[in-house]
Amino acid sequence: MSPRTIRSWVARGHLAPAGLDERGRQLFRLADLARAEHATRDRALRLVGIPERSK
């Protein structure tokens with residue numbers, strides 16, 4: 001994922017930072033990123049009429 005995508009997910013409330021690094025930059029858990037991506041893809045597929053994939 002690009003930094004731009006991550007910033008967009010944070011702004012939309014789909015993702016929350018897990019902490020800050022020594023320079024004050026936001027850190028994210030890999031599992032949280034995967035969940036946000038999965039949810040985003042499922043929403044996009046529903047919008048174009050493709051049923052949700054099995055879990």
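Just the heavy atoms: all of them, side chains too, but no hydrogens, waters or symmetry mates, feed the values below.
Note that the CG atom of Leu33 and the CD1 atom of Ile6 stand 5.0 Å from one another [nearest 0.5 Å]. The CZ atom of Arg35 lies 12.5 Å from the OG1 atom of Thr40; values are rounded to the nearest 0.5 Å.
Between Ala36 and His14, the shortest heavy-atom contact is CB-O, 4.0 Å. What you find for Met1 and Trp9 is that their closest heavy atoms are SD-CZ3, 3.3 Å.
In this structure, Arg25 and Leu20 have side chains that are not in contact, with every pair of non-hydrogen atoms separated by 4.5 Å or more.
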